[in-house]
Amino acid sequence: MKEQIVTLLAEHLPSLTEAEVRELIEIPPNPEMGDFAFPCFRLAKTLRKAPPVIAQELHDSITLPEFVEELRVVGAYLNFFIKKEVFADTLLSAVRNNNFGASTEGEGHTICIDYSSPNVAKNFHVGHLRTTIIGNSLYKIYSKLGYHVERINHLGDWGTQFGKLIVAYKKWGSEDAVKEKGIEELMRLYVLFHQEADKDPALEDEARFWFAEMERGNEEALQIWQWFVEISLEEFKRTYRLLGMEFDHYMGESFYRDKTEDVVNRLSTAGLLTESEGAKIVDLEAYDMAPCLILKNDGSSIYATRDLAAIFYRKENYNFDKCLYVTGQEQRLHFQQVFKVVELLGNEWAKDGLVHIPYGLVSLGGEKLSSRDGNVIYAEDILLEAISKIKEIIQQKNPDLEDKDTVARHIGVGAVIFNDLYNQRIKDVSFRWEHLLNFDGETGPYVQYTYARCSSILRKVEDFDASADVDVSFLTDEASLGLLKELGRFPAVVKEAATRYEPSVVARFSIAVAQAFNHYYTVNRINVEDPAERTARVMLVDITRRVLRDALDLLGITCVEKM
């Protein structure tokens with residue numbers, strides 16, 4: 001219907017293309033203002049008339065299509081009122097499609113997503129949840145649109161920090177303590193190193209020496225390093241299992257250490273590598289950026305070198321159309337530098353094919369988390385605490401619920417995920433239990449509860465046939481049409497979330513659907529005696545349930561049937 005309106009308006013507005021008309025059409029905030037609205041402000045300069053006059057002239061010149069009940073001028077807007085039964089039938093037919101929201105636009109295209117990527121030998125703290133949750137949601141969103149997605153966990157498993165850990169382990173650690181406490185002991189040693197290095201700066205030189213030894217293949221250094229990697233990966237995977245997430249590749253920085261020489265050769269051949277105080281850099285002053293450091297003055301590589309090697313490896317092996325990097329906004333300059341270096345090597349695809357997706361900080365009580373200072377909250381602890389608190393609520397409100405542990409896990413973990421994704425990713429996130437676990441606010445538990453309510457209604461209707469014909473005359477009331485309109489936005493929501501790299505679009509959509517459904521449920525009886533009305537009412541419950549399930553799945557949240 002919108003496309004027919006676009007065509008109709010474009011025929012009467014030669015100064016605008018159909019694409020421009022489509023972009024201008026709005027959905028009024030109030031149903032009493034119509035179903036579609038066309039603002040005439042932009043035409044005032046071209047037509048040299050007041051916008052309300054233009055709106056009235058359009059109104060007088062247009063012959064109403066069959067599906068339009070009324071065309072009304074409201075100020076500078078031309079408002080279209082669609083016949084309710086036509087609107088209900090059109091929306092219902094679309095939403096009943098089992099592939100509703102899916103698309104084939106991505107077929108034949110590959111997207112790499114680099115996300116999570118925690119640093120080895122440091123605990124997986126709550127700050128790592130943001131990149132993990134956002135990246136996983138983007139993977140699901142792009143998959144929904146038909147793209148082939150490579151999920152890459154680029155572990156921080158190489159660099160000077162491992163020289164620091166080796167020094168700390170040899171000076172103050174023991175094999176027994178590391179075996180007993182695992183990453184907790186590694187973190188203690190890491191914090192201790194920085195405390196001691198503040199008093200004795202020579203320790204930093206020792207750390208650089210040991211990392212250089214790692215790069216030269218020193219057997220002792222590599223053996224200790226590999227041990228630390230295995231301990232860390234075991235803990236990371238435990239957290240990923242709790243989140244219900246997987247990766248296609250665990251390929252840390254170390255994977256590229258034998259590929260950095262090729263990067264250096266490419267840059268040298270292209271005449272881009274220069275020396276600065278003994279180090280090798282790419283000068284980016286012409287692009288208003290600091291130089292990109294490639295080799296330190298002791299000849300060892302840096303993470304920028306390994307990021308460059310990773311880009312070339314991924315392009316050659318996956319032939320990606322886009323490679324997305326989900327990291328904190330504090331790394332914006334780093335990726336601008338790295339992407340520019342790739343471009344300067346003659347790779348035009350770098351301009352649109354390499355994308356940094358930044359996000360804000362995570363805090364508890366407003367304090368930024370820092371592993372160096374030891375002010376750390378484990379991600380696993382946050383998730384387990386959420387599960388525990390949800391289980392307490394279940395015990396109070398529904399003690400006879402079956403499989404309470406599974407239900408509590410899905411709701412608790414889902415609450416943490418939803419809390420992260422509800423706001424735009426660039427905004428900071430704070431964990432506040434009173435909001436995060438609220439079943440009545442704009443939260444994950446609220447949407448979960450709405451889904452469970454739909455499931456409960458469907459269990460009580462014995463003769464419901466999801467493929468039955470529907471008399472849409474029973475779905476023309478304000479609440480039913482309002483819910484159908486919200487559901488009908490799903491394909492556009494998925495596409496917008498992908499275009500903007502913004503899962504919050506899906507999270508907010510799920511809240512809007514839940515609110516519209518609860519209004520519908522409040523003002524309408526569902527399981528009525530009349531078979532035709534009951535079929536229509538229950539059908540709307542059924543498709544709401546399915547769209548909510550699909551929306552939450554795009555966020556990485558598993559629905560529960562009972563609460």
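Values reported hereafter were calculated over all heavy atoms of this structure, with side chains retained and with hydrogens, waters and symmetry mates removed. The structure displayed is predicted, hence computed values, not measured ones.
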Partners meeting side-chain contact (heavy atoms from CB on, under 4.5 Å) with [X] (sequence neighbours left out):
| X | value |
| --- | --- |
| Phe81 | Glu70, Arg72, Asn79 |
| Ala452 | Met563 |
| Gln4 | Phe67 |

Surrounding NZ of Lys84 (heavy atoms of other residues, nucleotides or ligands, distance under 6.0 Å), is the total greater than 12?
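No.
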Specify whether Tyr521 and Phe517 have parallel, tilted or perpendicular ring planes, treating 30° as the upper limit for parallel and 60° as the lower limit for perpendicular.
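Answer is parallel, since the angle falls under 30°.
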Hey, what's the ring geometry for Phe320 with Trp349, parallel, tilted or perpendicular (30° and 60° as the breaks)?
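Rings of Phe320 and Trp349: perpendicular, as their planes differ by over 60°.
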Apply ring pair (Phe, Tyr, Trp, His ring centres under 6.0 Å) to Phe439 and list each qualifying residue two or more places apart in sequence or on a separate chain.
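Here no residue qualifies.
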Verdict with reasoning, Thr239 to Thr132, per side-chain contact (heavy atoms from CB on, under 4.5 Å):
CA-CA 10 Å; Thr239 301; Thr132 307; over 6 Å; no
Look only at the side chain of Arg151 and the backbone of Ile113, and say whether a donor-acceptor pair between them is shorter than 3.5 Å.
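Looks like no, no N/O pair under 3.5 Å.
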Does a donor on one side chain sit under 3.5 Å from an acceptor on the other, for [X] and [Y]?
| X | Y | value |
| --- | --- | --- |
| Tyr446 | Asn518 | yes |
| Asp420 | Tyr359 | no |
| Gln448 | His410 | no |
| His356 | Gln336 | no |
| Tyr451 | Glu561 | yes |
| Glu434 | Asn438 | no |
| Tyr240 | Ser116 | yes |

Quick one: side chains of residues 492-500, donor-acceptor pairs under 3.5 Å with protein atoms, not counting sequence neighbours, listed by atom name and distance.
| unit_1 | atom_1 | unit_2 | atom_2 | d |
| --- | --- | --- | --- | --- |
| Glu496 | OE2 | Arg500 | NH1 | 2.6 |
| Thr499 | OG1 | Lys495 | O | 2.9 |

Test the Lys322-Tyr142 pair against the cation-pi criterion, namely NZ or CZ under 6.0 angstrom from the six-membered ring centroid and within 45° of the ring axis.
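Verdict for Tyr142: no cation-pi partner in Lys322.
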Result block: side-chain N/O donor-acceptor pairs under 3.5 angstrom for residues 26-42, not counting sequence neighbours:
| unit_1 | atom_1 | unit_2 | atom_2 | d |
| --- | --- | --- | --- | --- |
| Asn30 | OD1 | Glu32 | N | 2.9 |
| Asp35 | OD1 | Lys485 | NZ | 2.5 |
| Asp35 | OD2 | Ile82 | N | 2.7 |
| Arg42 | NH2 | Glu20 | OE2 | 3.1 |

May I have the step-by-step check of side chain to side chain donor-acceptor pair (under 3.5 Å) for Ser455 and Arg545, ending in yes or no?
CA-CA 7 Å; Ser455 296; Arg545 175 183 176 274; 2.9 Å; yes
Under a 4.0 Å N-O cut-off, is there an ion pair linking Glu57 with Lys49?
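Counted as a salt bridge, because a side-chain N and a carboxylate O are separated by less than 4.0 Å.
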